[in-house]
There are 4 protein chains.
Amino acid sequence: MAVPKIDRKDQVLRAAERLFSQRGFHAASVRDIAHALQIKGGSLYAHIESKDDLLWEIVSVAADRFFAAISPIVKADLVPVERLKRAILAHVGVITGNLEAAAVYSNEWRNLSDRRRTQFAARRDEYEGIFRGLLGDCIREGTFAAVDEKFATLLILSSMNWIYQWYRADGPMTPEEIARKLTEMIFNGLRR
Amino acid sequence: MAVPKIDRKDQVLRAAERLFSQRGFHAASVRDIAHALQIKGGSLYAHIESKDDLLWEIVSVAADRFFAAISPIVKADLVPVERLKRAILAHVGVITGNLEAAAVYSNEWRNLSDRRRTQFAARRDEYEGIFRGLLGDCIREGTFAAVDEKFATLLILSSMNWIYQWYRADGPMTPEEIARKLTEMIFNGLRR
Amino acid sequence: MAVPKIDRKDQVLRAAERLFSQRGFHAASVRDIAHALQIKGGSLYAHIESKDDLLWEIVSVAADRFFAAISPIVKADLVPVERLKRAILAHVGVITGNLEAAAVYSNEWRNLSDRRRTQFAARRDEYEGIFRGLLGDCIREGTFAAVDEKFATLLILSSMNWIYQWYRADGPMTPEEIARKLTEMIFNGLRR
Amino acid sequence: MAVPKIDRKDQVLRAAERLFSQRGFHAASVRDIAHALQIKGGSLYAHIESKDDLLWEIVSVAADRFFAAISPIVKADLVPVERLKRAILAHVGVITGNLEAAAVYSNEWRNLSDRRRTQFAARRDEYEGIFRGLLGDCIREGTFAAVDEKFATLLILSSMNWIYQWYRADGPMTPEEIARKLTEMIFNGLRR
DNA sequence: CATGAATGAGACTTCATTCAT
DNA sequence: GATGAATGAAGTCTCATTCAT
């Protein structure tokens, strides 16, 4: 009846990312998501297992992207501070390239089922641990002051994860600029 | 006799803050909140108008607290950088002193009714504007480098608003220490 | 609003027994049951946990009745054949006194959740075991011929459990007559 | 080449018999049946008209089998008690030879559409009437005592229709043995 | 024949809310 | 104040069925 739709599953994921990020998991109904694809609520279930699965898929694909972006950098043969710089750029790149998924990743994991929430938390901690390691290297190497590692890591990550709140692809700043400014501010501080 | 009769309405607000912050607005039902007070769902309506009102009350009281904490500082006769420092301390104080309300303030405003969401957004922008003003003063005065004002403001606010994710009243850091470390890092950067 | 309804839960159980027995578990919807009480579907949930629970309650109360009716007889100090006779009378009494519940007990246990179905089967086997014991006593005592015990037990139970298909309280036979005729036929056979 | 091409329609019927008998009509979905044939739900409709038709077909083929098995016996020139014996053997033969269909016949007719249910009930009553006639002959001839005809008929039929609950083709008893034991018990009773 | 995608109806269930008691 | 019972709306999901490919 309809035109042959390519990769319907992807469309579903993207619509869900958009609605979950805009309204939140519970405020975005299955019907809303289906409506975005111009089909009826029940029809979604030809493509997904459950709403919970949908959230899980978004959130774990997002996690995969973050890990994939950072992994090569961690092993790179560079001075620590350069590795951290590039990791920040990579992370910002994933966020700006997948704004809605990143927002869901940051805000909606609470709505996962118990088992998955635990699983998610573990991966998130692992990711945080990688950043902390990069930062720790900078400190041990002497480039950075002996700040509280955990605290500083959260400063970096939280400032990046807030980006989705105001970044627009058609806005004035490129992801590179954002990353550069962020790095500059966090590394050197605001003081002249 | 005079058993210290704690205001029931306050109990309701506190229970709602807790549940909204833990599970999110939609995942915390009116019955859940009532259950926390050991009464039945319907009985809550002797104390509140509606669930939406409850959220609004939490969120606007939280906003009031932030404004109240900062207002005297803005007008204080101090060098700009000192004003900013104290504003940060005040803001951190409100967060750590009202962890759950602060979490609701940060995360659940999306679930307000349309009209109230607009109203909320305006206040939030106003608050952000105050911080931006404090920061701008530091730049104009020459203490701070000529960074992107909006960007730097968001860096400060976002790093503070993330605190509720890990701060615990019985943890190792006092609010003052948190504020001090945060200020130190943001003002001077991580670099040695 | 409505007149104070006494024991609403009982009314729910009775309506469910009726509808489950008439149409089967799946063909009788929650709305149908609610409609029988002149309330809306969702309102049932003030009285039950779930449709599955409702079935379970009916089925286990029915099982309880059967056990309660038979237990004193098993321990009675009577000749075996008399015990069996009275057990049959008791069982027929439970069926005719709770026609619809008995029908649900016999036919709808398949629709229980896995865990409960297992639990149910165990009790059912236990009950069958009791009858088998009574019958075995009659054989060992010499009153009955050395028939296949399991087979004969099923003959007795199945002929009784079929009663709900045709018995009507306002019909021509009392439960006692039914039990007497049944006993007569099974004990002495059809042959002159 | 001529691979023995088993009729697809038969496979559908057999899968449906199995699933309807195991789970009940409503709990066995069209998709379940299709899955048993390793095709998708919609594809079943190349072979059936509707789920209701499927049930009807199973149930009426089963009825046909019962009638076909008994018809020649009713007209046979034998003493009444012998005719009854053979009818029982024939009926047991149909059940044990078509266990699942027999179970569906006994339990799922309630789920037929209204019109068909009525039609089915008429045939069922007719069949019961035949058995009742056979039994009546035995009474009139003087072989059997003057028992309640309807009651005795139901005793015989119900004990047979319960067989599917425990009979297994690979079990210890042949259909002939089952029929013989059943006849023995019902004709002569349990008493020594 | 089989499939994937869709549909409309309806299933069970939860929820915020109301109100007589 | 609190409760039990009810409601209407909505939510997620399943199902029998259809049809273009």
Side-chain angles (χ1 to χ4, degrees), chain A residues 1-5 8-9 11-12 25-34 37-54, chain B residues 5 8-9 11-12 25-34 37-55, chain C residues 1-5 8-9 11-12 25-34 37-54, chain D residues 8-9 12 25-34 37-55:
Chain A
M1 186 183 277
V3 194
K5 301 296 176 68
R8 207 65 163 143
K9 178 65 179 285
Q11 295 181 296
V12 172
F25 180 72
H26 280 111
S29 77
V30 165
R31 261 200 273 283
D32 291 336
I33 298 168
L37 306 182
Q38 286 171 300
I39 60 177
K40 297 291 150 62
S43 309
L44 256 199
Y45 288 81
H47 310 289
I48 66 168
E49 288 290 310
S50 68
K51 197 189 180 190
D52 197 72
D53 272 24
L54 193 47
Chain B
K5 179 116 179 85
R8 199 68 161 173
K9 179 63 179 288
Q11 294 182 292
V12 173
F25 179 72
H26 279 111
S29 76
V30 167
R31 272 176 176 79
D32 290 337
I33 298 168
L37 305 183
Q38 288 170 300
I39 60 177
K40 295 292 153 57
S43 311
L44 256 200
Y45 286 80
H47 309 288
I48 66 169
E49 285 295 307
S50 70
K51 198 188 180 191
D52 193 70
D53 274 20
L54 195 46
L55 176 57
Chain C
M1 188 184 278
V3 194
K5 301 298 177 69
R8 206 67 163 140
K9 178 66 179 284
Q11 295 180 297
V12 173
F25 180 72
H26 280 112
S29 76
V30 165
R31 261 202 272 283
D32 291 336
I33 298 167
L37 305 183
Q38 288 171 298
I39 59 177
K40 297 291 151 59
S43 309
L44 258 199
Y45 288 81
H47 309 288
I48 66 169
E49 288 289 309
S50 69
K51 198 190 181 189
D52 197 72
D53 271 25
L54 193 47
Chain D
R8 199 68 162 175
K9 178 63 178 287
V12 173
F25 179 73
H26 280 110
S29 75
V30 167
R31 272 177 175 80
D32 290 337
I33 298 167
L37 306 183
Q38 287 169 301
I39 59 177
K40 295 291 154 56
S43 311
L44 256 201
Y45 287 80
H47 310 289
I48 66 170
E49 285 294 307
S50 70
K51 197 189 181 190
D52 192 69
D53 273 21
L54 196 46
L55 176 58

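In what follows, every chain begins at residue 1, and chains take the letters A, B, ... in the order their sequences are listed.
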Got a second to check how far D/Ser50's OG is from D/Leu54's CG, nearest 0.5 Å?
8.0 Å
Say you draw a straight line from CG of A/Asp53 to NE2 of A/His47; how long is it, rounded to the nearest 0.5 Å?
14.5 Å
Flag side-chain contact, heavy atom, 4.5 Å: A/Leu37 against A/Leu44
yes
Measuring from atom CD1 of D/Ile48 to atom NZ of D/Lys9, what distance do you get when rounded to the nearest 0.5 angstrom?
8.0 Å
Separation of D/Asp32 atom CG from F/dT14 atom P, in whole Å?
12 Å
Walk me through whether D/Ile39 and D/Arg8 qualify under side chain to side chain contact (heavy atoms under 4.5 Å, CB included).
CA-CA 11 Å; D/Ile39 59 177; D/Arg8 199 68 162 175; 3.2 Å; yes
Assert: residue with more 5' nearest nucleotide on DNA chain E, out of A/Ile39 and C/His26, is A/Ile39
The correct list of stems in which DNA chain E takes part (3 or more consecutive Watson-Crick or G-U pairs, distances under 3.5 Å) is E:2-21 with F:2-21
Can you list, by residue number, the residues of residues 40-53 of chain A that have a non-hydrogen atom closer than 4.0 angstrom to DNA chain F?
A/Gly42, A/Tyr45, A/Ser50, A/Lys51
Rounded to whole Å, NZ of C/Lys9 lies from P of F/dA5 at a distance of 11 Å
Check whether any side-chain nitrogen or oxygen of C/Arg31 sits under 4.0 Å from OP1 or OP2 of E/dT13, and answer yes or no.
no
Rounded to whole Å, how long is the line connecting atom CD of C/Gln38 with atom C1' of F/dG8?
18 Å
Between A/Gly41 and A/Arg31, the two heavy atoms sitting closest are CA-CG, 4.2 Å
Nearest heavy-atom pair of C/Tyr45 and C/Lys51: which atoms, and what distance?
OH-N, 4.3 Å
Nearest-angstrom distance from the residue atom CG of C/Leu37 to C1' of F/dA5:
12 Å
